[in-house]
Amino acid sequence: MSQPISGPPPMPVTDWLSAQWDDACALDPRGDARPDGGFDDLIAAERKIEPRDQMPSGYRETLIRQLGQHAHSEVVGMQPEAHWIPRAPTLHRKAVLLAKVQDEAGHGLYLYAAAETLGATREDMLAALLAGRQGYLSFINYPTLTWADTAALAWLTDGAAIVNQVPLCQTSYGPYARAMLRVCREESFHHRQGFDSLWVMMRGTAAQREMAADAVARWWYPALAMFGPPDARSTHSAQSMAWRIKRFSNDELRQRFVDVCVPQAELLGVTLPDPAMRWNAERRHYDFTPPDFGELTQVIRGHGPCNRQRLEHRRQVHEEGRWVREAAAEYARKHAMRNGGQDGT
Ligand code: 3HC
């Protein structure tokens, strides 16, 4: 008789997150009946703004800024985990990690494409990244020291990404919202595989449990910092929320993330490194210690542990990919000539 295989239990999520996801899936942004009127009427009526619509230049610029930062985060965010693909402990874990890292590249492409519908070009956005004029999320500038970091990173930072991105499925700009629906489905797999990997390590040897606990302790605060500065110091939140680009403030999402994590941590058997963490029955939320926002500012300014290394690697692979871009451009030129320029190129 073969032994029954006991896998990790289902991951608990809060009612808030489930409700956000149900709302996102229930909306069909393409099928919306649109009211007459301009930008403000569409926003007030909770209708999507589409590329053909008139929009304030600030709305367009805010979206290009956020979409650029978001796309760069997906692409530069491949690096911490890609390092572990050749070092994965089993073929199964290697295949899963490979799929996850490839998904991140795809997310970057959806988001660059969404930004292009606003008139930005991918070349300009990449040039801005490489010149340090556009950024990417801070957590990517921390090192992945052990195999357990791939698990803690996925459970915590992909978990934080889900809490941030599920509401973005209802952002006011149609192409961004539609890209997010697809990204979130894939992020759920990323999050789940991190939980699964940690669950297995926490039921392994003492050394594996220690490695997992250490990784969770190091990734907790970078994950909390992903939601950005506190509301009182957030430059863009008020306007972005008025335009319904952002649906919730940085602090609200950070709190929602903590509320999602605590029951999952209890199930895993890992300790979140915050002695002040406790359920507050009055607020109906967990109290917690916020991240060090001074450290976040330093990392955003380029002084995190791996900022230089991440950007240097991106510059190098961008240069190595030059021949691919040139070959693709040449192919497009020849294709256009064969068609007698009928496609307008
Ligand atoms: N890391 C780096 N920069 C950050 C940051 C962070 N954690 N949080 C805020 N900032 C920057 C902002 O970009 C802004 O910079 P700017 O004025 O130079 O553009 C400044 O700090 C002030 O912050 P605000 O709160 O005013 O900025 P926003 O209103 O834009 O809110 C945000 C910040 C919540 C990060 C918002 O931009 C957002 O939701 N972005 C999309 C989320 C995103 O990028 N997700 C990628 C996840 S990565 C991933 O999933 C892949 C991984 O799994 C490998």
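All heavy atoms count here, side chains included; hydrogens, waters and symmetry mates do not.
Ion pairing between a basic and an acidic side chain is recognised when a charged N comes within 4.0 Å of a carboxylate O; E252 and R256 show such pairing. Of the charged side-chain nitrogens involved, at least one lies within less than 4.0 Å of a carboxylate oxygen, so that D251 and R254 count as a salt-bridged pair. Ion pair E104/K100 flagged as a salt bridge, since at least one NZ, NE, NH1 or NH2 atom sits closer than 4.0 Å to an Asp/Glu carboxylate oxygen.
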(message) Show, in sequence, the C-alpha distance, side-chain angles and deciding distance for R182 and D103, and conclude whether the salt bridge (Lys or Arg N to Asp or Glu O under 4.0 Å) test is met.
(response) CA-CA 11 Å; R182 187 158 179 172; D103 281 353; over 6 Å; no
(request) Tell me, with the steps shown, if H83 and H313 meet ring pair (Phe, Tyr, Trp, His ring centres under 6.0 Å). (result) CA-CA 12 Å; H83 170 79; H313 182 77; over 10 Å; no
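Ring-plane geometry between H107 and Y110 is classed as tilted, the angle between the planes lying from 30 to 60 degrees on a 0 to 90 degree scale. Classification of the F257-F227 ring pair by plane angle, with boundaries at 30° and 60°, yields tilted.
Evaluation of the salt bridge (Lys or Arg N to Asp or Glu O under 4.0 Å) rule for R244 yields E46 as partners, not counting sequence neighbours. For the salt bridge (Lys or Arg N to Asp or Glu O under 4.0 Å) test, no residue two or more places apart in sequence or in another chain qualifies with D259. In this view, S249 and D231 satisfy the side-chain hydrogen bond (donor to acceptor under 3.5 Å, both in side chains) rule, not counting sequence neighbours. Taking R203 as the reference, nothing meets the salt bridge (Lys or Arg N to Asp or Glu O under 4.0 Å) condition, with sequence neighbours excluded. The ring pair (Phe, Tyr, Trp, His ring centres under 6.0 Å) search around F248 returns W16, not counting sequence neighbours.
Between Y142 and D149 the shortest side-chain heavy-atom distance does not fall below 4.5 Å. Y173 is listed as a side-chain neighbour of Y59, based on a closest heavy-atom distance under 4.5 Å. Side-chain contact check for L224 versus F288: some heavy-atom pair is nearer than 4.5 Å.
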Show me the donor-acceptor pairs within less than 3.5 Å that the side chains of residues 159-169 make with the rest of the protein, sequence neighbours left out.
from : atom 1 : to  : atom 2 : distance (Å)
Q165 : OE1    : H70 : NE2    : 2.6

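A side-chain donor from one of Q316 and E320 sits under 3.5 Å from a side-chain acceptor of the other. Between the side chains of Q66 and Y176, at least one donor-acceptor pair of N or O atoms lies under 3.5 Å.
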